[in-house]
Amino acid sequence: MAETKTYREALREGMVHEMDQDESVVLMGEDIGVYGGTHLITDGLIDEYGPKRVIDTPISEGGFTGAAIGMAMLGMKPVVEMMTWNFSFLASDQIIQNAAKVRYFSGGQVEVPLVIRGPNGGGVQLSAQHTHSLENLYGHFPGLKVVSPVTPNDVKGMMITAIRDPNPVIFLEAGALYGTKGEVEEGDNAVEFGKARVAREGSDVTLIAYGRQVNLCLRAANTLEEEDGVQAEVIDLRSIRPFDEDTLVRSVEKTHRAVTVQEQWRWFGVASEVAAIIQEKAFDSLDAPVQRVSGAEVPAPYARNLELEAFPSEKQVTNAARRALYIEEK
Amino acid sequence: MAETKTYREALREGMVHEMDQDESVVLMGEDIGVYGGTHLITDGLIDEYGPKRVIDTPISEGGFTGAAIGMAMLGMKPVVEMMTWNFSFLASDQIIQNAAKVRYFSGGQVEVPLVIRGPNGGGVQLSAQHTHSLENLYGHFPGLKVVSPVTPNDVKGMMITAIRDPNPVIFLEAGALYGTKGEVEEGDNAVEFGKARVAREGSDVTLIAYGRQVNLCLRAANTLEEEDGVQAEVIDLRSIRPFDEDTLVRSVEKTHRAVTVQEQWRWFGVASEVAAIIQEKAFDSLDAPVQRVSGAEVPAPYARNLELEAFPSEKQVTNAARRALYIEEK
Amino acid sequence: MSAEKEHSEHGGAVATSSERLVDLYKKMVEIRAFEEACQKGFRQGKIGGYLHVYIGQEAVATGFIDSFKEGDKVITAYRDHAHALLLGTDPKEVMAELYGKGTGMVKGKGGSMHLFDVERGLMGGYGIVGGHIPLGVGFAYAMRYQGTDHITQLYLGDGAISNGAFHEAANLAGLWGKDGMCPCLFIIENNQYGMGTSVERTTAMTDLAAKFDAYGIENEKVDGMDIEAVLESAGRLTEQVRETGKPYAIEVLTYRTAPHGAADFFEKYREKEEIEEWRKRDPIGLLEQKLLDNDAADEEKIDEIRSEAKELIAEAVKFADESEEPEIDELYTDVYAGADEYTGEE
Amino acid sequence: MSAEKEHSEHGGAVATSSERLVDLYKKMVEIRAFEEACQKGFRQGKIGGYLHVYIGQEAVATGFIDSFKEGDKVITAYRDHAHALLLGTDPKEVMAELYGKGTGMVKGKGGSMHLFDVERGLMGGYGIVGGHIPLGVGFAYAMRYQGTDHITQLYLGDGAISNGAFHEAANLAGLWGKDGMCPCLFIIENNQYGMGTSVERTTAMTDLAAKFDAYGIENEKVDGMDIEAVLESAGRLTEQVRETGKPYAIEVLTYRTAPHGAADFFEKYREKEEIEEWRKRDPIGLLEQKLLDNDAADEEKIDEIRSEAKELIAEAVKFADESEEPEIDELYTDVYAGADEYTGEE
Ligand SMILES: Cc1ncc(C[n+]2csc(CCOP(=O)(O)OP(=O)(O)O)c2C)c(N)n1
Ligand SMILES: Cc1ncc(C[n+]2csc(CCOP(=O)(O)OP(=O)(O)O)c2C)c(N)n1
Ligand SMILES: [Mg+2]
Ligand SMILES: [Mg+2]
């Protein structure tokens with residue numbers, strides 16, 4: 001059974017599914033209760049579950065994330081809303097120094113079953129301070145898991161998995177896609193972490209992305225088929241840590257060419273890691289360098305024309321694929 | 001004229017050199033004044049320059065880094081000591097959201113001539129919360145410059161350049177090497193950012209590192225020469241952002257093989273970027289995949305044997321080189 | 001900002017000259033007209049991103065910037081249009097910024113949340129709640145270090161007080177103030193809500209001025225709907241801070257009658273009646289009544305001011321609308337200062 | 001921690017039974033002996049990393065942990081050996097941890113700064129100043145949410161108060177306490193220095209207890225060198241926090257007569273005379289004098305206690321020294337919980 005739902009509805013459904021099964025699941029964050037949530041993900045939940053399970057917090061990302069870590073250490077399962085991931089630098093000490101490591105430096109005496117979720121990435125003219133894609137930043141640290149679902153079905157299923165995971169999970173939502181629709185399985189559709197998804201099969205070149213750039217790659221794949229007769233395979237990584245190297249490598253062994261696309265900045269980004277992995281594990285299969293497409297190396301600008309220029313475009317992706325295929329760019 | 005000095009002395013000399021020339025240079029940080037500095041870098045300077053130029057701060061990394069950004073915006077040149085970079089997560093919002101971006105989102109109306117300096121990396125059993133190598137983290141963000149000098153001469157010359165730079169500079173010192181000695185040029189030995197240094201010439205394989213792993217690579221290069229008759233070239237990146245792609249690529253065009261070494265964790269690290277660049281820009285020259293050597297994927301442990309196991313070893317480097325050369329590992 | 005000021009011997013509020021009040025009224029009406037035009041521009045899709053207007057709070061910045069002297073600095077969060085207008089930035093350039101145009105005050109790069117006019121003392125416009133507070137304290141130190149008598153006017157919201165950045169910066173200010181090295185006037189715009197969270201739901205101790213006791217910073221409160229009361233505090237405290245080099249904090253009780261942001265429609269967190277009650281104390285309405293009562297202005301004068309303001313703002317909107325988007329190459333400028341303008345792509 | 005407690009009707013300090021005082025004396029002497037052995041181990045190169053001892057402050061944790069009940073939680077920073085010993089962890093396991101051995105209480109993975117004994121209520125040992133405070137507040141919420149009457153004893157230093165993490169956590173505690181959801185006792189170990197910075201050089205307002213006023217948290221002070229005074233506060237406040245679910249803060253005035261860390265030799269930031277003055281109020285010395293004065297113990301008893309403590313710690317050192325380093329495979333365990341134990345290397 002599957003129904004068409006928005007990303008927003010599916011995400012909320014995942015949380016509600018676990019709240020109904022497990023009293024230890026609580027939600028925390030700024031304006032998630034009385035206000036209804038800035039992105040309306042949690043709208044109405046305070047009425048249903050009460051203020052002890054849907055906890056409105058002051059504007060203190062470090063403090064309430066730290067408190068949630070403490071709760072998790074005692075067996076609660078907090079789901080913290082970072083109103084946007086842009087504010088998470090203020091909680092980064094708690095996330096990196098405590099959540100990611102306390103299990104290790106306690107010699108395994110505690111677990112931190114914590115989810116921190118919120119919209120990641122830009123696209124709606126929020127400018128420099130409100131536009132970041134932080135998957136590489138958090139993905140760097142052992143102890144954390146980092147996921148980035150793009151379909152409504154995945155966002156529900158991965159939220160269910162995230163809440164059940166006994167480790168801290170950085171849950172990066174495609175903020176620009178809250179309103180997009182897709183089929184969502186009813187009930188428990190838990191999606192395992194660490195398994196990439198082949199979003200489109202193809203034989204000529206592999207396009208690798210995650211989050212909303214997956215949709216961009218799918219559009220680019222269509223264009224490549226129409227304009228160049230090229231069959232692109234599109235891989236949705238879904239999970240940044242753990243990371244599914246096998247699916248990538250298998251695809252490149254078939255296609256011999258790869259393009260990796262990210263909204264984030266190029267340097268030390270996910271695309272760099274993908275390129276490094278492919279050249280390492282599929283060196284002999286590669287017929288061309290792995291091409292990277294990234295955001296422009298500037299803080300995000302406000303003006304619409306500049307913003308559009310700053311993010312990866314379909315044209316950049318198709319041209320990167322063409323370079324990998326040694327055919328002329330358009 | 002050059003004299004033999006410790007890394008610590010050379011670093012301090014760089015700061016003093018600029019303080020003497022420019023009243024707008026001030027030092028700030030925890031215990032840098034009366035206490036003498038946790039690592040004794042600034043010992044005695046408060047007596048010489050007074051408490052208005054050598055400013056002891058409370059334990060509030062975010063607050064004083066932010067204040068330093070404000071000072072810099074009005075034309076002062078603060079050099080902030082992060083007692084260790086491990087505490088910088090608490091200042092990351094100020095560094096990333098304000099220092100790196102305020103020039104951009106003010107439309108170029110301000111400059112932020114700020115240096116943030118302190119020891120980076122581990123090695124002395126400080127365990128999980130006090131052992132980080134954050135070059136990729138800060139290197140990701142446009143608006144920042146990030147450097148990582150390893151020789152005494154470079155630490156002085158790059159400090160001089162950092163203080164003169166009108167942009168925020170993340171100055172990552174090789175904390176474990178404060179006591180090591182080397183030749184240091186007298187006077188103004190400013191070292192340009194963005195130029196890598198060939199620390200050893202060789203023709204068979206390129207070893208790429210920065211910070212204290214450069215020394216590890218130099219040792220590995222000697223071993224490779226002795227044991228395998230292999231001539232390794234060693235490149236010290238020196239500057240992570242800006243980054244010198246040319247020197248790298250030129251070297252690999254000569255050696256056809258590369259190993260990149262970092263103390264930091266593998267995922268989304270500098271070594272991944274190096275591998276991505278080389279496969280991109282020297283694809284046809286490469287005779288083997290770029291090999292990466294990184295820290296173990298665990299929070300840093302305390303016990304000495306575990307810590308030694310967690311950091312890159314000479315053996316890992318020589319074996320990585322052997323893999324790149326398709327000769328047997330030892 | 002040239003009108004003469006009259007202070008009582010004892011620093012208490014005294015009647016302000018009619019001419020000056022009319023001038024201030026004019027400013028507030030202009031701000032209101034500007035903000036209403038913004039709301040319209042947002043609905044029309046001409047303004048993107050986040051938009052936070054100042055409706056209901058006009059007397060605060062108007063009153064304090066009245067005491068601004070050349071060389072002083074103003075820094076605030078994202079609710080920053082009024083501050084720019086009061087410091088003298090042409091409304092055209094402000095509106096063009098919001099429209100994302102190359103003629104905007106920061107070239108279309110920042111938008112509503114990031115207004116800067118450094119020449120006039122406006123040091124920004126910041127989007128991370130609390131994040132600007134340490135900067136303002138740093139300005140204050142720098143200005144004393146450089147031997148001037150300038151001060152920072154540092155505006156912050158009630159919501160920002162819960163943030164660690166506030167705490168660390170206020171503590172530094174108190175400490176540096178002991179040596180006369182922190183001429184910083186903290187102006188807490190307590191509009192009683194941080195987004196949808198009332199002050200009572202943000203902290204157990206709701207006396208925001210008194211929070212500065214913890215940092216050894218003297219503090220007081222003022223009614224932010226009464227421009228004369230604000231003026232009195234502003235004049236007195238600005239000069240005190242300037243003289244002593246010590247920080248001071250003033251909690252200004254006000255209310256935003258507009259929603260938090262332009263995209264915030266529901267306002268489930270407060271009652272319509274509450275908004276209505278506060279509208280009765282609208283700072284523009286109160287001043288208008290006072291002007292009429294005291295014969296400082298008649299209905300005709302009021303109408304004239306209102307229609308002049310409308311016209312001024314209409315021109316700004318027209319200018320913004322007709323301006324060009326930034327040149328596409330502007331994407332890559334202003335990342336790094338200095339000759340190299342390095343953008344990370346060698 | 002089984003000795004009987006005697007409280008006055010009015011919550012004031014009353015004479016504590018002799019037996020109990022002797023018991024507490026013994027604990028403090030053991031802690032002191034342990035810490036001195038640590039300093040020696042550090043000089044010998046047997047202990048690495050950072051080492052922070054508790055010498056001079058023994059009465060604080062000893063007094064408060066006396067009121068600890070099963071199920072309660074203790075959390076502190078890196079100066080944590082005493083807390084472990086008082087909660088009942090075998091000194092052998094504590095010392096083995098510092099020696100980086102596999103028999104250590106956290107398997108040699110954490111070292112001095114990261115002692116945990118979760119079964120006994122010790123929730124750690126943290127190295128980032130202030131970073132543990134939000135965790136302790138979270139514990140308190142969780143324990144009420146789970147329907148227990150346990151409380152958090154949250155220890156923090158004077159230096160930590162300047163950090164934003166303190167501010168945010170204390171504010172949350174005050175807020176949650178309004179609903180009885182935050183049974184957290186903040187114990188400020190004011191040893192007057194954060195590393196080399198005295199409280200006066202850290203903040204303009206040095207009354208650390210009063211800083212909690214800003215969060216609506218009741219607070220008071222106690223002399224941390226006088227074990228009886230500490231006991232009285234501990235007993236009364238622990239039960240009050242347990243009953244009300246509201247946080248409370250107590251500033252405990254104490255002094256570390258040892259250097260900040262074992263590698264900190266110079267101590268340029270304080271006068272030798274100051275240290276000498278405080279040594280006269282050494283909590284162990286004061287209690288010893290009291291025991292002798294009141295005939296609660298004679299010299300012989302004292303000697304016996306001291307030599308038993310020495311022996312206990314000597315055994316711990318021997319155990320630590322003779323234990324094996326952790327198995328090398330332990331490097332990769334405890335990174336992730338759950339079946340997968342994923343370490344990032346597929
Ligand atoms: C650190 C951070 N957290 C959350 C937000 C989202 N946010 C924007 S405005 C706001 C409310 C701020 O309230 P207040 O300081 O009272 O200012 P006001 O909007 O009332 O002027 C919040 C939570 C943010 N911008 N920064
Ligand atoms: C965030 C952070 N900044 C700096 C340090 C370095 N440091 C370790 S202990 C210390 C002093 C802390 O003083 P206090 O809180 O009074 O505790 P005490 O050492 O006196 O017990 C400092 C600055 C740190 N560990 N964490
Ligand atoms: Mg507000
Ligand atoms: Mg202290």
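All values derive from a computational prediction rather than experimental measurement. All chains are named by letter (A, B, ...) in the order of the sequence lines, taking the proteins before the strands, and each is independently numbered beginning at 1.
Using a 4.5 Å cut-off between heavy atoms, Val34(A) contacts chain C through both its backbone and its side chain. Proximity to chain A is absent for every atom of Glu267(C), based on heavy atoms less than 4.5 angstrom apart. At a 4.5 Å heavy-atom cutoff, the contact between Leu90(A) and chain C is made by side-chain atoms alone. Within the 4.5 angstrom heavy-atom criterion, atoms from both the backbone and the side chain of Ser60(A) approach chain C. Residue Ile32(A) does not touch chain C at all, counting heavy-atom pairs closer than 4.5 Å. Contacts of Thr84(A) with chain C are made by side-chain atoms alone, with heavy-atom separations under 4.5 Å and no backbone atom involved. Looking at Tyr126(C), the atoms closer than 4.5 Å to chain A (heavy atoms on both sides) sit in the backbone and in the side chain alike. Heavy atoms closer than 4.5 Å to chain A are found in both the backbone and the side chain of Ile47(C).
In the model, Gln264(A) has a side-chain atom that pairs as donor or acceptor with a side-chain atom of Asn136(A) under 3.5 Å. Residues Thr254(C) and Asn190(C) have side chains that never bring a donor and an acceptor to within less than 3.5 angstrom of each other. For the residue pair Asn120(A) / Glu173(A), no side-chain donor-acceptor distance below 3.5 Å is found, with atom types taken as modelled. Checking Glu189(C) against Gln57(C) by side-chain atom types alone, a donor-acceptor pair falls below 3.5 Å. Judged by distance alone, the side chains of Gln125(A) and Glu307(A) never bring a donor and an acceptor atom under 3.5 Å apart.
Between His81(C) and Tyr54(C), a ring centre-to-centre spacing not shorter than 6.0 Å is recorded.
Ranked by heavy-atom pairs shorter than 4.5 Å toward chain A, the options Ile328(C), Ile161(C), Val106(C), Thr203(C) are led by Ile328(C).
A cation-pi arrangement is absent between Arg201(C) and Tyr193(C), since the terminal nitrogen or guanidinium carbon is not both under 6.0 Å from the aromatic centre and inside a 45° cone about the axis.
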